[in-house]
Amino acid sequence: MTDPAPETPADPVSAWHRLAGTAVLLDGFHALKHAVRFGAEVPVALTADRAGALALADELAGDVREALAELLTEVPHGTYAALVPRPHPTAVAALAVRPSRAGNLEKLAHTPRTAPVVVLDNPRNLGNAGAVIRLAAGFGATGVVTTGTLDPWHPTVVRGGAGLHFATAVERLLVEELPPGPVFALDPEGEDIRSLKLPDDALLAFGSERSGLSAELRARADHLVALPMRPQVSSYNLATSVAMTLYHWSATGGAPS
Ligand SMILES: C[S@@+](CC[C@H](N)C(=O)[O-])C[C@H]1O[C@@H](n2cnc3c(N)ncnc32)[C@H](O)[C@@H]1O
């Protein structure tokens with residue numbers, strides 16, 4: 001199917017330069033598709049292959065195809081490549097407005113909460129954080145909160161999250177700022193998760209890759225919860241621990257919406 005080129009924003013490349021410092025980079029077709037599906041505001045979206053991008057939309061994203069056709073402006077490949085850290089195979093890149101902290105805090109604190117908040121206590125690995133945001137989106141978690149210095153909106157985290165930051169509330173907070181709700185902190189020394197039902201209003205907290213749960217988070221924890229693991233194994237990877245825990249929540253009654 002061929003599309004007439006949409007009305008081009010006056011100068012999309014100038015718009016890109018103006019917004020790039022504060023906006024969220026959506027790197028590739030799939031990130032843009034997810035962000036649009038979950039209501040992101042996308043002031044500029046560029047592609048070096050508009051026909052290819054819209055063919056992908058026809059195949060994979062009929063629900064947002066028209067929105068993508070409206071958004072995407074074609075530019076020469078060299079122009080596109082100069083704007084992104086490394087060109088994506090789909091030759092699509094867009095900038096989205098980062099959701100407001102106030103809005104995210106409201107979503108995180110909203111009661112009654114119908115799905116848990118995932119808390120990553122001082123995570124270190126940007127790829128883990130992105131994978132966790134993708135998991136949280138998939139399971140319909142209320143949000144992902146990080147403590148410590150890692151920025152959960154870092155471009156590498158956004159890339160790992162495949163544009164799904166817009167499907168959940170993502171914020172960095174201090175432990176004392178965590179939203180209300182019972183804290184179930186994951187730790188190999190805790191009670192076996194298989195004997196527990198995790199409530200929908202839980203905060204599911206996970207420790208740092210390096211040192212596990214901090215003293216502050218332990219002090220805030222209402223329950224310590226363990227994932228089944230053979231004695232000779234020290235621990236699981238952070239993102240896989242989140243996956244198992246969210247799966248347990250969903251399998252015992254919590255449901256992705
Ligand atoms: C890579 S582990 C941390 C390992 C770290 N060296 C430590 O001393 O705890 C990251 C986080 O995943 C969760 N985790 C990993 N394996 C777990 C298990 N068997 N039971 C419960 N939580 C686990 C915990 O929240 C842990 O803090």
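The distance from the CD1 atom of I133 to the NE2 atom of H165 is 3.5 Å, given to the nearest 0.5 Å. Rounded to the nearest 0.5 Å, atoms CG (N122) and OG (S214) are 7.0 Å apart. One distance of note links OG of S241 with CE of M229; it measures 8.5 Å at 0.5 Å rounding. For the atom pair CD (E189) and CG (L213), the distance works out to 11.0 Å, reported to the nearest 0.5 Å. Considering NE2 of H248 and CG of L198, their distance stands at 5.0 Å, rounded to 0.5 Å. Here the CZ atom belonging to R113 is positioned 8.0 Å from the OG1 atom belonging to T111, to the nearest 0.5 angstrom.
Taking the six-membered ring where tryptophan is involved, the planes of H223 and F184 are essentially parallel, since the angle between them stays under 30° and well short of 60°.
Contact annotation: the side chain of F139 never approaches that of V242 to less than 4.5 Å [non-hydrogen atoms, C-beta and beyond]. Side-chain contact between V145 and L108 is present, with at least one heavy-atom pair separated by less than 4.5 Å. The shortest side-chain heavy-atom distance between T147 and L120 does not fall under the 4.5 Å cut-off. Residues V117 and L204 are not in side-chain contact: their nearest non-hydrogen atoms beyond the backbone lie 4.5 Å or more apart. Put simply, the side chain of L150 does not reach to within 4.5 Å of the side chain of R124, judged on heavy atoms.
Judged by distance alone, with hydrogens and angles left aside, the side-chain atoms of T252 form a donor-acceptor pair with the main-chain N or O of W249 at under 3.5 Å. Remark: the backbone N or O of Y247 is paired with a side-chain donor or acceptor of S250 at under 3.5 angstrom. Side-chain atoms of R220 never come within 3.5 Å of backbone atoms of A215 as a donor-acceptor pair (strictly under, hydrogens ignored). The backbone N or O of D63 lies less than 3.5 Å from no partner atom in the side chain of R37, so there is not a single donor-acceptor pair. Between the side chain of E177 and the backbone N or O of L174 there is at least one donor-acceptor pair closer than 3.5 Å. Listed for the N104 side chain is a donor-acceptor partner under 3.5 Å among the backbone atoms of V170. Using a distance-only test at 3.5 Å, with no hydrogens or angles considered, a donor-acceptor pair links the side chain of E209 to the main chain of N125.
Residue pairs meeting the ring pair (Phe, Tyr, Trp, His ring centres under 6.0 Å) criterion with at least one member in residues 63-87, sequence neighbours excluded: H77-Y80. For residues 132-143, there are no side chain to side chain donor-acceptor pair (under 3.5 Å) pairs, not counting sequence neighbours.
Here the closest heavy-atom approach between residue V92 and residue H88 is recorded as O-CB, 4.4 Å.
Connection of V119 to L186 is not established within any shared hydrophobic cluster, with ILVMFWY side chains joined at heavy-atom distances below 4.5 Å, either directly or through further cluster members.
Contact check on R86 versus D27 returns no salt bridge, with no Lys/Arg side-chain nitrogen under 4.0 Å from an Asp/Glu carboxylate oxygen.
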Which pairs of donor and acceptor atoms, one on a side chain in residues 40-48, lie under 3.5 Å apart (sequence neighbours left out)?
from : atom 1 : to  : atom 2 : distance (Å)
T47  : OG1    : D49 : N      : 2.9
T47  : OG1    : D49 : O      : 3.3
T47  : OG1    : A91 : O      : 2.9

